[in-house]
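Supplied in C-alpha cells, the structure appears directly below.
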Amino acid sequence: MNPRSLHVRLLGIAALWVVIAVVLVGLALLYLLTITLEHNTEEDLAAGVTRLVAQIDAAATLPVTGTLPDPQYQTPASGQYWQVIDIAAGTVQRSRSLWDRELEVGLPDRDGASHLETIDGPDAQRLVALTRRISFETPLGRRSFAVTVARDRLEIDTAVQRYAGDMAVALLVLALAMLAAAWAQVTLGLKPLELLQRHVEAIRHGRARRLGNDFPVEIQPLVGEVNDLLQAREASLEFARARAGELAHSLKTPLAVLAATAEQQRLAGNAELAETLAGLGRELDDRIDYQLRLARLNLRARSHSLRTSLNQAILRPAAVLQKTADGERLDWRLDLGADEEVDMDARDLLELTGILLENACKWADSCVSVRSGRIDGQAFFLVADDGPGLAPEEAATLGIPGKRLDASKPGHGLGLAIAKDMLALNGGTIAFERAAEGGMAVRVTLPLANA
Amino acid sequence: MRMLIAEDDRRIADPLGVALAAAGFSVEFESDGEAAWVRGDTEGFDGIVLDLGLPNLDGLTVLKRWRKAGRNHPVLILSARSSWEERVEGIEAGADDYVVKPFRVEEVVARLRAIVRRSAGIASARIAVGDYLIDLDRMQVLRGGVPMPMTPQEFRLLAYLVHQRHRVVTQLEITEHLYQQDFERDSNSVEVLVGRVRRRLGSSIIETRRGFGYTLGAGRT
C-alpha cells in the first residue's frame, strides 16, 4: 500500500468519511430512540401517578386506601413501584413490590409540580421515578404528599441495546456497500491514468512511439504535451544527425580533392609532398570520421528501451561485404541462432556489426565466421577470422583510438574505438579473443529488448 | 570499355577521369543527377561511378530508377557519407560497390575494374585464352609468362571482347565502347585495330562472323 498512490489516497478518504457518517448516524438514531422511549415511560409514569392520587384518602392515616390494578405492584422487586410520602409527618406508604425499601426521591418544591429522575431501586435496579407533589385540605388541616411511581430502567436499556445491535448490522452493510461504490468510482475514475501508464510503458519498451488519443478531455492536454515533447526530442536527434551528416559531406569533399591533388603531385614526381598531403588528408579524415560517428550515435536514456533485430543487423552488412573485393574471396560462415531483439538503435547496431564484420573481412585469410544467439539473458554475437590474430598483450590496446596492430593496413584503429564507445553507451560488452579459426575473435554481448 | 563518371565536383571527377583513362577505359562525365539518369538509362556503359550528392536528382534515386528499369550496368557509389546504414542502403538499392570519400584514386580504379569483371561473370582478373594469359588488372597479355607488346587501344579491344566473350560484338558497339563520344565514327578504324591485334597475337585470337561482327577466338598460335 503505497501512500503516494492516488488510488490508496482516494479510497482512504472515502473509507474515513463513510465510517464517520455511519457512526454519527448510529449515535443519532440511538439518541432519538432513547429519548422516545424515555418520553413514553414518563407518560406511563404520569398516568400511574394520576391513578395513585385518585386512590388517596387525605383524611386517613395511611392515605392510599386501595391499590393499583397491575399485579406487578404486588410482586417484590418486580420493577414496578409506587410510594407516597406524607411530607409533614414524614410517614411513607409504598407498594408491596418495594418490600421494605424506601425510594430516595427528590421532593418537588411546590404543589402540582412533577420531578423525573433516575434513582437506585431494590436488587441494584436503576429506576426511572416520577414524583408529584400534591396537597389536600382536610378537616385536620392541609396535608401534602409526594406521590412517586417508578419503573425499572432496564426495559428501556434492553430495548435500546437490542435495537443498537440490529442497527449496527444494517449500518455495517450500508458502510460496506458505500465503500464498494467508492472503490468502483475511484477505479473507474483512475482508469485513464492506468491506460496512460501502460502507454508510457509501451514507449519505454520500444513498442510504441507516441501516446494514443483515446483519453478523456481532462487528460488529453497532458497526453498532447507529452507527444509534443517526444516529437521534439526525436526531431532534435534527427536534426543533430542530419547536421553531422552535412558536416561530413562538406568536409569530405575537400578532403577528396586533397587526396586527388596528392595523387597528381605523385604523378608529377613530387613524391615527398604527395605523401605529406596524402598523410595529412588521411589523418584529418580519420579524426573527423571518429567524431562524426560518435556524434551520430543515439545518446539515449537507458530507461527508454529499443528493439532491433540482431540477425538482420548481421546479415545486411555481411551481404554488402560479400560483394567487395576483400569479401568475395572469403568463405562466409554465418551460423546465426534464433533472432533476438536487442535494446539498441537500429542504425547504431548496424554501424557496430558493420565495423566488426569489415574488420574481420580485412584481416581474414580465407574465412570469416559469425555466430549469434542468447547467453545468460543477453544477446551475443561472435565475429571470428583466420587472420594473423593477436597476442594477449595486444588485446589490451585494442579499441583505444589510434592504436593499430598492423600499420600496413589502412585506417587508424578508430573502428574498434567507436565499437567500444557504442557498447558502453548501450550497456553491452566487447571482448577480444583468439579464434578457433586461428585469428581474432570479437565477442559482443548486448542487452535484450524488454519483453 | 566505356565508363560514366557522375560527379558534380570537377576537382574529384577530373583526376578520376585521368586515372580511368590511363587504366584503359573510355571515360565520359556528367555533373547533374537528372542528366546522369537519362544517359545511364539510354546509353550502354560498362560501368558507372555515381556520386550520391548530385544536384537535381540524388544519386540513390538515380540508381533505384536504373535498377527498376532493368538497367544492370555495374555501379560504384562515391559518397561522403560513411555510416554503415548508408552503405547498406546503397548496396541494397543495387550498387555493386560503395567507396567513401576521401578515397585513393587507384583504389577506385581497382574496385571499378573488379565490379566490371564480376558483372561480366569473370571470377579472376587473369583469363586464359588459348596460349595467352590476359591480365585485366595489369593490362598485359602474356605468353609463357612473357608480356606481349601492345598499344593501350589494342589491349582495350581485347579486354572488351573478353568481357563480352560469350557473344558476337558489332563494329558499332566496339566503336561506342572504345572511343570517346566525339570520335569520328569510321568503320574502317575498328577493322584496322582488329588487324593489328591479329598480327601481334595470331589471327585466331579474334574471330570474324561475316555480317555480324567479332568475337573472342581460340587464341592458338
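The sequence lines fix the lettering, A, B, ..., with proteins before strands; numbering per chain opens at 1.
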Taking every heavy-atom pair that is under 4.5 Å apart, which of A259(A), A262(A), G281(A), P317(A) has the most such pairs with chain B?
-> P317(A)
Give the minimum heavy-atom separation between E263(A) and E106(B), together with the two atoms involved.
->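 Scanning both residues, the minimum pair turns out to be OE1-OE1, 3.3 Å.
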When you look at CZ of R329(A), are more than 12 heavy atoms from neighbouring residues, nucleotides or ligands closer to it than 6.0 Å?
->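 Above 12, so yes.
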For residues 270-278 of chain A, dump all side-chain donor-acceptor pairs below 3.5 Å to protein atoms at least two apart in sequence or in another chain.
residue: N270(A); atom: ND2; partner: Q265(A); partner atom: OE1; Å: 2.6
residue: E275(A); atom: OE2; partner: R282(A); partner atom: NH2; Å: 3.3
residue: T276(A); atom: OG1; partner: E272(A); partner atom: O; Å: 2.9

CG-NZ distance between D97(B) and K323(A), expressed to the nearest 0.5 angstrom =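 Reported to 0.5 Å precision, the distance equals 9.0 Å.
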With a 4.5 Å limit on heavy-atom distance, are the side chains of Q264(A) and P15(B) in contact?
->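 Result yes, sub-4.5 Å side-chain heavy-atom pair found.
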Rounded to the nearest 0.5 Å, what's the gap from CD1 on I12(B) to CG on L255(A)? Could you check?
->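 If we round to the nearest 0.5 Å, I12(B):CD1 and L255(A):CG are 9.5 Å apart.
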Which one of L284(A), D285(A), L258(A), T353(A) has the most heavy-atom pairs closer than 4.5 Å to chain B?
-> D285(A)
Side chain, backbone, both or neither: which part of A95(B) has a heavy atom under 4.5 Å from chain A?
-> backbone
Could you tell me which residues satisfy ring-ring contact (aromatic ring centres under 6.0 Å, His included) with Y160(B), sequence neighbours excluded, listed by chain and number?
->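 H177(B).
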Between V88(B) and chain A, which part of the residue has a heavy atom less than 4.5 Å away: side chain, backbone, both or neither?
->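 Both parts, heavy atoms under 4.5 Å.
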Could you state the interatomic distance from NZ (K252(A)) to OG (S82(B)), rounded to the nearest 0.5 Å?
->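 With rounding to 0.5 Å, NZ (K252(A)) is 4.0 Å from OG (S82(B)).
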For chain A, the option from S79(B), A80(B), G53(B), A19(B) that forms the most heavy-atom pairs under 4.5 Å |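 The option with the most such pairs is A80(B).
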Carboxylate-amine/guanidinium contact R118(B) E328(A), below 4.0 Å =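 Salt bridge: yes.
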Is it the side chain or the backbone of L349(A) that comes within 4.5 Å of chain B heavy atoms, both, or neither?
-> neither
Rounded to the nearest 0.5 Å, how far apart are CD of E86(B) and CZ of R347(A)?
-> 9.0 Å
In terms of heavy-atom contacts, does CZ of R209(A) have more than 12 from other residues, nucleotides or ligands at under 6.0 Å?
-> no
So does R87(B) pair up with E358(A), basic N to acidic O under 4.0 Å?
-> yes
V100(B), part contacting chain A, at a heavy-atom distance under 4.5 Å |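 For V100(B), the side chain is the part near chain A, not the backbone.
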Under 3.5 Å donor-acceptor, R316(A) side chain and W84(B) backbone | no
So do the side chains of K101(B) and T253(A) get within less than 4.5 Å of each other, counting heavy atoms only?
->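 In short, these two side chains touch, coming nearer than 4.5 Å.
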